[in-house]
Amino acid sequence: QVQLVESGGGLVQAGDSLRLSCAASGRTFSSYAVGWFRQSPGKEREFVAAINWIGGGTHYHDSVKGRFTISRDNAKNTVYLQMNSLKPEDTAVYYCAATMAVAVVINSYEYDYWGQGTQVTVSS
């Protein structure tokens with residue numbers, strides 16, 4: 001069992017930056033691939049970024065490429081999502097998810113564990 005807790009969300013202006021954290025407890029976190037997803041009102045949850053178990057592989061949704069960076073510190077059992085040049089359309093609840101896998105995982109249905117989410121609001 002893995003417990004995930006997101007933090008770092010907030011209200012910012014367009015062009016600002018935020019860094020989200022996903023802290024894990026439970027089993028050895030380094031064995032898990034991790035992804036970030038987001039959901040805004042009236043929309044389905046969508047993939048944002050993912051990182052493999054050791055941090056050498058990443059994948060991003062086209063809408064965030066060049067602006068967001070996913071990274072992990074397995075010694076701290078934490079995955080980060082650095083979000084730069086934020087846009088109003090980035091407004092959503094952001095969730096991290098984990099699954100025991102070596103490769104990058106981008107499909108939400110493949111994730112076994114989810115956090116409770118953290119709200120990101122970007123004003124124009």
Under a single-linkage definition using a 4.5 Å side-chain heavy-atom cutoff for Ile, Leu, Val, Met, Phe, Trp and Tyr, are Y94 and V64 assigned to the same hydrophobic cluster? yes

Partners meeting side-chain contact (heavy atoms from CB on, under 4.5 Å) with S40 (sequence neighbours left out): K43, A92

Do D112 and M100 have side chains that get closer than 4.5 Å, going by heavy atoms? no

Rest of the hydrophobic cluster containing V104 (Ile/Leu/Val/Met/Phe/Trp/Tyr, side-chain heavy atoms under 4.5 Å)? F37, F47, V93, Y95, V105, I106, Y111, W114

Counterpart residues, salt bridge (charged side-chain N to carboxylate O under 4.0 Å, His left out), relative to R19 (two or more places apart): none

Taking only residues two or more places apart in sequence, or in another chain, which ones meet K65 in a salt bridge (charged side-chain N to carboxylate O under 4.0 Å, His left out)? D62

Tightest non-hydrogen contact, residues S30 and N74, listed as CB-ND2, 3.5 Å

Note, R67 side chain near Y60 side chain (heavy atom, < 4.5 Å): no

Would you list the pairs meeting disulfide bond (SG atoms under 2.5 Å apart) in which at least one residue belongs to residues 28-124, sequence neighbours left out? C22-C96

Would F68 and L86 count as a side-chain contact (heavy atoms from CB on, under 4.5 Å) here? Give the steps. CA-CA 9 Å; F68 291 11; L86 283 161; 3.9 Å; yes

Shared-cluster residues of V102, by chain and number - hydrophobic side chains joined below 4.5 Å: W53, I54

Connected-component partners of Y109 among ILVMFWY, side-chain separation under 4.5 Å: none

Would you say V34 and V2 are hydrophobically clustered, going by side-chain heavy atoms of ILVMFWY under 4.5 Å? yes

Under 4.5 Å between side-chain heavy atoms, hopping through other hydrophobics if needed: is there a path connecting L18 to W36? yes

Taking the side chain as every heavy atom from C-beta outward, state whether E6 and L20 have any atom pair closer than 4.5 Å. no

To the nearest 0.5 Å, what is the distance between OG on S21 and CZ on R72? 13.5 Å

Not counting sequence neighbours, which residues clear salt bridge (charged side-chain N to carboxylate O under 4.0 Å, His left out) with E46? List them please. R38

Does V79 form a side-chain contact (heavy atoms from CB on, under 4.5 Å) with I70? I'd like the steps, not just the answer. CA-CA 7 Å; V79 171; I70 188 171; 3.9 Å; yes

Would you confirm whether T78, through its side chain, and K76, through its main-chain N or O, come within 3.5 Å as a donor-acceptor pair? yes

What pairs meet the disulfide bond (SG atoms under 2.5 Å apart) rule with one or both residues in residues 33-81, with sequence neighbours excluded? none

Can you name the side-chain hydrogen bond (donor to acceptor under 3.5 Å, both in side chains) partners of Q119, sequence neighbours left out? T121

Please report the closest heavy-atom contact between A24 and L4, naming both atoms and the distance. CB-CD2, 3.7 Å

Enumerate the residue pairs fulfilling disulfide bond (SG atoms under 2.5 Å apart) with a member in residues 66-95, sequence neighbours excluded, ordered by first and then second residue. none

Rounded to the nearest 0.5 Å, what separation is found between the CZ atom of R45 and the OG atom of S108? 7.5 Å

Check: K87 and V122 side chains under 4.5 Å, non-hydrogen atoms: no

Inter-residue atom distance S63.OG - D90.CG, 0.5 Å rounding: 7.0 Å

N84: side-chain contact (heavy atoms from CB on, under 4.5 Å) partners, not counting sequence neighbours: S17, Q82

Treating S124 as the side-chain partner and P88 as the backbone partner, does any N or O pair qualify as donor plus acceptor under 3.5 Å? no

Establish, from distance only, whether the side-chain atoms of Q13 and D16 form a donor-acceptor pair under 3.5 Å. no

